[in-house]
> 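Sharing a structure here in structure tokens format.
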Amino acid sequence: MTISVMIVDDHPIWRDGVARDLGEHGFDVLATAADGDAAVRIARTVLPDVVLMDLNLGDTSGVVATRTITGELPNTRVLVLSASGEHDDVLQAVKAGASGYLVKSASVKELVDAVCRTAEGDTVFTAGLAGMVLGEYRRMAEAPAGDAAPPRLTERETDVLRLVAKGLTARQIADRLVISHRTVENHVQSTLRKLQLHNRVELARYAIEHGLDQDED
């Protein structure tokens with residue numbers, strides 16, 4: 001299936017260039033937007049598979065637009081494409097629901113691969129950023145846990161969650177557990193719903209907090 005994309009960036013030359021590159025690689029570029037308000041409004045109409053989101057967009061930031069889009073459109077994933085690789089920018093984007101974060105120095109090949117993987121449900125980061133995000137979540141995991149009983153996961157959901165925490169992609173998990181890619185996605189989505197989480201990074205944080213990233217004895 002053709003992956004549909006919307007591109008959000010306030011620089012028209014950059015925006016048009018990315019749209020052209022993705023179009024040449026077979027993506028269906030449904031729309032572009034120059035600011036956060038337009039991004040939200042257009043996304044509600046065209047319902048893209050993936051939104052490529054810049055962060056610095058004027059009055060309504062990319063973080064706010066990301067939070068709104070991921071909150072209202074569960075089948076649309078946001079991949080941040082930003083000039084900034086700063087710690088706070090990355091964490092704010094992830095907390096807002098972004099599925100990944102790519103810096104603008106990435107090659108066209110890296111961008112194409114990142115959009116494909118994002119559409120498949122993987123979490124994608126420019127090299128070095130994933131470790132930074134998970135490291136932050138490890139530090140946050142040291143905070144005292146709440147008293148509420150955790151939701152009940154099936155054995156297979158727990159198996160998938162453990163491998164998500166170890167950084168495996170959906171296809172790698174499918175190979176490891178000898179199940180289909182679609183079955184992995186179904187387990188991930190079911191677990192996200194049960195835990196009331198938004199994306200795989202938050203899922204990995206949950207797993208780390210509960211020790212599921214550690215090897216079993």
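Counting begins at 1 with the first residue of the sequence. Please read all numbers here as calculations on a predicted model, not as lab measurements.
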> I want to check something: taking the side chain as every heavy atom from C-beta on, are T183 and V160 in contact at a cut-off of under 4.5 Å?
no
> Provide the closest heavy-atom pair for E120 versus E185 in the form atom of the first, atom of the second, distance.
O-OE2, 2.8 Å
> Below 4.0 angstrom, N of the basic side chain to O of the carboxylate: do R171 and D122 qualify?
no
> V124 and side-chain contact (heavy atoms from CB on, under 4.5 Å): which single residue from D113, V115, T118, V80 fits?
T118
> Around E24, counting heavy atoms of other residues, nucleotides and ligands shown, do more than 12 lie under 6.0 Å from its CD?
yes
> Taking the side chain as every heavy atom from C-beta outward, state whether D28 and D49 have any pair of such atoms under 4.5 Å apart.
no
> Any salt bridge linking D35 with R41? Criterion: basic side-chain nitrogen under 4.0 Å from a carboxylate oxygen.
no
> Between the side chains of R15 and D9, is the shortest nitrogen-to-carboxylate-oxygen separation below 4.0 Å, so that they form an ion pair?
no
> Could you pull out the closest heavy-atom pair between L203 and V188, with the gap in Å?
CD2-CG1, 4.2 Å
> Could you measure the distance from the OG1 atom of T123 to the CZ atom of R77? Nearest 0.5 Å is fine.
9.0 Å
> Closest heavy-atom contact between P74 and E72?
CD-O, 3.3 Å
> Any side-chain heavy atom of S82 sitting closer than 4.5 Å to one from K104?
no
> If every non-hydrogen atom of L102 is compared with every non-hydrogen atom of E110, which pair is closest and at what distance?
CD2-O, 4.3 Å
> Tell me whether D159 is salt-bridged to R162, with the criterion being a basic N under 4.0 Å from an acidic carboxylate O.
no
